[in-house]
K.L.:
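I'd like to ask you about the structure that follows.
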Amino acid sequence: MFLSLRTEVEEALEGALAELEYPTDDLGIEEPPEDVESVLASSVAFRLASEAGAPPPRVAGQVADAIDADELTYVSEIRTQGPYLNFLPSDAYFAETLAAGTDETYGSLADRDTSLVVEHTSANPTGPVHVGRARNPIIGDAVANLLDFAGYDVSRHYYVNDAGRQMAVFTWAYETFDEADLEAEPERDRIEYDLVRYYRKGNRFLENASEAEVEAAEAEIDSIMQGLEAGDEETYERVSEVVDQVLSGMKTCLGRLPAEFDEFVKETRFMRDDSTDDVVSRLEDLDDAVYEEEAWQLNLESFGIEKNLVFLRSDGTSLYPTRDLAHHEWKFDNYDQAVTVLGEDHKLQARQIDATLELLGNDTDKLEQVLYSYVNLPEGKMSTRRGTGVDLDDLLDEAIDRAREEVETRLDDRIRDDDLDEDDIERIAHQVGIGAVRYDIVSKQPTKAITFEWERALDFEAQSAPYVQYVHARCCGILEEAGFDVEAGEFPEADVDADLLETPAERALLETIARLPAVVDEAADDLEPHQIATYTREFADRFNAFYRECPVLADDVDPDRREARLALVATSKHTVANALSILGVAAPRSM
RNA sequence: GGGCGCGUAGCUCAGUCCGGAAAGAGCGUCGGACUUCUAAUCCGACGGUCGUGGGUUCAAAUCCCAUCGCGCCCGCCA
């Protein structure tokens, strides 16, 4: 409804300015501060003052007089306050918001008839997922949810780097060493924890062994890479044995978030179908291609990139970026738009890919990146190869354990006698624990660097998931108390008199609810799910004020008012449930 | 050295793209509110040279220039 109101205000303002023969290029529309009653404001009077030869407040009055509020649907009144024009919402604005909000899908936007692929995580299948990379699936999943909710037809892809030197080293190590060669037991009873020990052993060997031993190992590693490049089926099988096993474990871990994928796209696919070779030959034909030091390179200076992009090694094998180019052209062939979520350490690479795709004749406007900064430990970087870092599994376990403790200590002083059983406690522990981890990460701008600290990551106070989740539980509590089976999708009638929602707390809550579709629209446009998190916080504040001020089920509440408030609670439930679902945070019906 | 990002209350962060009303939250500290639809809640107090210096503007946390601090990148790795 907010979007409709904004359109209405824009048109009214533009009409008034035109009528007064003022320029209409900048309407100065803005959202007013919290203590101002309006939902939308304009500071256009400042800009017109010199042209009008009158002080801003007088211009504001003049513009306000030129608009007839009676002709507007969602605006009841235009009030000036000094130089500002304030647009106050009408009863229809509130009534239509309430009506729209009783739909369970409230906030979702109309189908855009646009297919879009979100690639995220794409961590190399070398071992357990660690916290340093955990931002990727959490942000990526939220971006995908957000775009889905905003009307795009979204596919979620994990690009599997199964063709690089890392996997050749891993395969060689896996085939060369035995359990007896490994120093330690697996940290966890799952395949990627088992196999990563071979990878680490292999890397240590290459660092420490004698020159002759390393040379022999390198020859074997090189033959694996050559085999992959040549499309040799046997080599592919050997590498796949490692890749598929490790990947299955990583999938299990990511599934706990949960982050699910529609497709795992393997890099080798673009070698086997010859599209990488095709890219290479097309690149060689470009004017910007140079053959230097026996390797084919691309000069990207015209894009402001000093560094040459090597796309074919002197031994004739392709490099990661070369295969990624084929991968991206495949995306362009199959989807209308593409979004990639990746760490800021890949930023230069992303620019190179973008520039090269353009040279190859692609429309790179269809491709966008979401970049995030690394999560580091206080003592430094996390590394799978060196085995430093905190595993995502451990973080999630710890979060659930702490959440369970919270639930149990709160059990004693619960007022409500809804007797939570063991299953409930376990459910709440999972919802709150994992929700807190996700919310903590998704609510911040991804460009900000994060240093991982247990206490901070697992703080359930603060502006955290439980705070917002609690609001959802409160909504469900009221609805269930009123006899609705929320779990079965039973909600109160939408046909109520919204005019009865007249207190400031109710109006403020409705105003916030009204903004959800606009927030989704803008967040999707900017690819910034943290805007949704910010919104959930504001929404929770408003709901808690309503909860405090406006009893719904108390005996002294008039039946009609009770019905209206119940509808408002149902609308609130949908609003917060949908916003949380975008963030990938569970919405508990009790806590 | 060059490129990019970040710098807002003691701490963690919104707000910056698109300049407008007296800079907003949470945590922490201090003081209050449960016989009431769940207190994982709420109310109040304290707390700010928006890194620094210049500039543009009627108006700058927001735009421009410079500068300092921190991070990332600058492989025939991925």
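On a predicted model such as this, the values are computed, not experimentally measured, just so you know.
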K.L.:
Can you tell me which nucleotide in B:A78, B:C37, B:C76 comes closest to the side chain of A:Lys307?
P.N.:
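Of all the options, the side chain of A:Lys307 is nearest to B:C76.
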K.L.:
Taking the P atom of each, how far is B:A25 from B:A45, in whole Å?
P.N.:
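After rounding to an integer number of Å, I get 11 Å for this pair.
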K.L.:
What integer number of Å spans the C1' atoms of B:C17 and B:C6?
P.N.:
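Result for the C1' pair: 16 Å, nearest Å.
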K.L.:
Whom does B:C76 pair with, Watson-Crick or G-U wobble, provided both distances fall under 3.5 Å?
P.N.:
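In the structure as shown, B:C76 has no Watson-Crick or wobble partner.
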K.L.:
With P as the reference atom in both, quote the distance from B:A22 to B:G69 in angstrom, rounded to an integer.
P.N.:
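Their P atoms lie roughly 36 Å apart.
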K.L.:
Using a 4.0 Å heavy-atom cut-off, does A:Cys550 contact any base of the nucleic acid, only the sugar-phosphate backbone, or nothing at all?
P.N.:
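Contact class for A:Cys550: base.
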K.L.:
Does the structure show a Watson-Crick or G-U wobble partner for B:G24, both distances under 3.5 Å? Name it, or say none.
P.N.:
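Answer to the pairing question: B:C13, which forms a Watson-Crick or G-U pair with B:G24.
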K.L.:
Please classify the glycosidic conformation of B:C70 as syn (within 90° of 0) or anti (everything else).
P.N.:
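For B:C70, whose glycosidic angle is more than 90° from 0, the conformation is anti.
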K.L.:
In whole angstrom, give the distance that lies between atom CD of A:Gln166 and atom C1' of B:A78.
P.N.:
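For the pair A:Gln166 CD and B:A78 C1', the rounded distance is 5 Å.
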K.L.:
Can you tell me, in whole Å, how much space there is between the C1' of B:G47 and that of B:U29?
P.N.:
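One C1' to the other, the span is 10 Å.
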K.L.:
Has A:Arg313 got a side-chain N or O lying under 4.0 Å from the OP1 or OP2 atom of B:A78?
P.N.:
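For A:Arg313, the contact criterion (side-chain N or O under 4.0 Å from OP1 or OP2 of B:A78) is met.
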K.L.:
From C-beta outward on A:Lys347, which listed nucleotide comes closest to its side chain: B:C42, B:A78, B:C4?
P.N.:
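For A:Lys347, the side-chain atoms sit closest to B:C4.
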K.L.:
Identify the nucleotide, in any strand shown, that forms a Watson-Crick or G-U wobble pair with B:A59, with both distances under 3.5 Å; if there is none, say none.
P.N.:
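Base-paired to nothing in any strand shown.
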K.L.:
So what does A:Asn86 hit on the nucleic acid, given a heavy-atom distance under 4.0 Å: a base, only sugar-phosphate, or nothing?
P.N.:
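Base: the residue A:Asn86, judged by heavy atoms under 4.0 Å, touches a nucleobase.
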K.L.:
Report the base-pairing partner of B:G44 (Watson-Crick or G-U wobble, both distances below 3.5 angstrom), or none.
P.N.:
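For B:G44, the partner nucleotide comes out as B:C30, under the 3.5 Å rule.
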K.L.:
Would you call A:Ser122 and A:Val160 a side-chain contact if the rule is heavy atoms closer than 4.5 Å?
P.N.:
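A:Ser122 vs A:Val160: side chains apart.
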K.L.:
Any ion pair linking A:Arg165 and A:Glu218 (charged N to carboxylate O, less than 4.0 Å)?
P.N.:
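Here A:Glu218 pairs with A:Arg165 in a salt bridge, since their nearest N and O are under 4.0 Å apart.
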K.L.:
Taking the P atom of each, how far is B:C50 from B:G24, in whole Å?
P.N.:
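After rounding to an integer number of Å, I get 14 Å for this pair.
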K.L.:
Who is the Watson-Crick or G-U wobble partner of B:C18, with both distances under 3.5 Å?
P.N.:
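The answer is none; no pair meets the criterion.
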K.L.:
Whole Å only: how far is the CG atom of A:Asp26 from the C1' atom of B:U57?
P.N.:
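So the two atoms are 14 Å apart, to the nearest Å.
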K.L.:
Rounded to whole Å, how long is the line connecting atom NE2 of A:His346 with atom P of B:G71?
P.N.:
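Taking atom P of B:G71 as the reference, NE2 of A:His346 is at 20 Å.
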K.L.:
Determine the Euclidean distance between corresponding C1' atoms of B:U67 and B:A9; express it in Å to zero decimal places.
P.N.:
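25 Å, rounded to whole Å.
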K.L.:
Using a heavy-atom cut-off of 4.0 Å across all strands, would you classify A:Leu553 as base, sugar-phosphate, or nothing?
P.N.:
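Contact class for A:Leu553: base.
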K.L.:
What do you reckon, are the aromatic ring centroids of A:Phe205 and A:Trp172 less than 6.0 Å apart?
P.N.:
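Ring-ring flag for A:Phe205/A:Trp172: true, centres closer than 6.0 Å.
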K.L.:
Look at A:Asn544 and B:C42 and indicate whether a side-chain polar atom (N or O) is within less than 4.0 Å of OP1 or OP2.
P.N.:
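For A:Asn544, the contact criterion (side-chain N or O under 4.0 Å from OP1 or OP2 of B:C42) is met.
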K.L.:
Assign A:Arg323 to base, sugar-phosphate, or nothing according to its heavy-atom contacts below 4.0 angstrom with the strands shown.
P.N.:
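The answer is sugar-phosphate, as A:Arg323 gets under 4.0 Å only of primed atoms, P, OP1 or OP2.
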K.L.:
In terms of relative ring orientation, are A:Phe270 and A:His327 parallel, tilted or perpendicular, with 30° and 60° separating the classes?
P.N.:
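It falls in the tilted class, 30° to 60°.
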K.L.:
Assess, by modelled atom type and distance only, whether the side chains of A:Thr534 and A:Gln531 contain a donor and an acceptor separated by less than 3.5 Å.
P.N.:
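Short answer, no.
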K.L.:
Mind checking if A:Val432 touches a base, just sugar-phosphate, or nothing, with heavy atoms under 4.0 Å?
P.N.:
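Base contact.
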K.L.:
How would you label the contact of A:Pro83 with the nucleic acid (heavy atoms, under 4.0 Å): base, sugar-phosphate, or nothing?
P.N.:
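Result for A:Pro83 = nothing.
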K.L.:
From CZ of A:Phe46 over to P of B:G19, roughly how many Å is that when rounded to an integer?
P.N.:
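That distance rounds to 14 Å.
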K.L.:
Taking OP1 and OP2 of B:C43, is either one under 4.0 Å from a side-chain nitrogen or oxygen of A:Tyr547?
P.N.:
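Looking at the OP1 and OP2 atoms of B:C43, neither is under 4.0 Å from any side-chain N or O of A:Tyr547.
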K.L.:
Rounded to whole angstrom, note down the C1' distance from B:C11 over to B:U56.
P.N.:
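It works out to 35 Å between them.
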K.L.:
Parallel, tilted or perpendicular, judged at 30° and 60°: which one describes the rings of A:Phe543 and A:Phe539?
P.N.:
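A:Phe543 and A:Phe539: parallel rings.
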K.L.:
Tell me the partner of B:U35, counting only Watson-Crick (N1-N3 plus N6-O4 or O6-N4) or G-U wobble (N1-O2 and O6-N3) with both under 3.5 Å; none if nothing fits.
P.N.:
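Paired with B:U35, as far as the under-3.5 Å criterion goes, is no nucleotide at all.
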K.L.:
Could you list the residues that satisfy salt bridge (Lys or Arg N to Asp or Glu O under 4.0 Å) with A:Arg58, not counting sequence neighbours?
P.N.:
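Partners of A:Arg58 by the salt bridge (Lys or Arg N to Asp or Glu O under 4.0 Å) criterion come out as none, since no residue qualifies.
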K.L.:
Over how many whole Å does the gap from A:Leu342 atom CG to B:C73 atom P extend?
P.N.:
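Taking CG of A:Leu342 and P of B:C73, I get 13 Å after rounding.
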K.L.:
Select one nucleotide: of B:C73, B:A40, B:G5, the one nearest the side-chain heavy atoms of A:Thr447.
P.N.:
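Selected nucleotide: B:G5.
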K.L.:
In whole Å, what is the span from the OH atom of A:Tyr467 to the C1' atom of B:C27?
P.N.:
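Taking OH of A:Tyr467 and C1' of B:C27, I get 14 Å after rounding.
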K.L.:
When all nucleic acid strands are considered with a 4.0 Å heavy-atom cut-off, which category describes A:Val310: base, sugar-phosphate, or nothing?
P.N.:
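Here A:Val310 touches the backbone only, sparing every base.
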K.L.:
Give me the distances for all protein-to-nucleotides 13-15 of chain B N/O pairs that come in under 3.5 Å?
P.N.:
{"residue": "B:A14", "atom": "OP1", "partner": "A:Gln445", "partner atom": "N", "Å": "2.6"}
{"residue": "B:A14", "atom": "OP2", "partner": "A:Lys448", "partner atom": "NZ", "Å": "3.0"}
{"residue": "B:G15", "atom": "OP1", "partner": "A:His530", "partner atom": "NE2", "Å": "3.0"}
{"residue": "B:G15", "atom": "OP2", "partner": "A:Gln445", "partner atom": "NE2", "Å": "2.8"}

K.L.:
Could you identify the nucleotide paired to B:A66, looking across every strand shown and requiring Watson-Crick or G-U wobble geometry with both distances under 3.5 Å?
P.N.:
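WC or wobble partner is B:U52.
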K.L.:
Using residues 433-442 of chain A as the side-chain source, report each donor-acceptor pair under 3.5 Å to any protein atom, sequence neighbours left out, with the distance given to one decimal.
P.N.:
{"residue": "A:Arg438", "atom": "NE", "partner": "A:Gly584", "partner atom": "O", "Å": "3.2"}
{"residue": "A:Arg438", "atom": "NH1", "partner": "A:Leu257", "partner atom": "O", "Å": "3.1"}
{"residue": "A:Arg438", "atom": "NH1", "partner": "A:Pro258", "partner atom": "O", "Å": "3.0"}
{"residue": "A:Arg438", "atom": "NH2", "partner": "A:Asp141", "partner atom": "OD2", "Å": "2.7"}
{"residue": "A:Tyr439", "atom": "OH", "partner": "A:Ala533", "partner atom": "O", "Å": "3.1"}
{"residue": "A:Tyr439", "atom": "OH", "partner": "A:Thr536", "partner atom": "OG1", "Å": "2.8"}
{"residue": "A:Asp440", "atom": "OD1", "partner": "A:Lys444", "partner atom": "NZ", "Å": "3.2"}

K.L.:
Provide the distance between the two P atoms, one in B:A61 and one in B:U8, to the nearest whole Å.
P.N.:
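So the two P atoms sit 15 Å from each other.
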K.L.:
Closer than 4.0 Å, any side-chain N/O of A:Arg474 to the OP1 or OP2 of B:A40?
P.N.:
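Answer no for this pair, as no side-chain N or O of A:Arg474 is under 4.0 Å from OP1 or OP2.
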K.L.:
So, A:Asp401 and A:Arg404, do they make that salt bridge, N to O below 4.0 Å?
P.N.:
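Salt bridge: yes.
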K.L.:
B:A40 C1' sits how many Å from A:Arg402 CZ, rounded?
P.N.:
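Distance check: A:Arg402 CZ to B:A40 C1' gives 16 Å.
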K.L.:
Rounded to whole Å, how long is the line connecting atom CG of A:Asp526 with atom P of B:C17?
P.N.:
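In whole Å, B:C17 P lies 12 Å from A:Asp526 CG.
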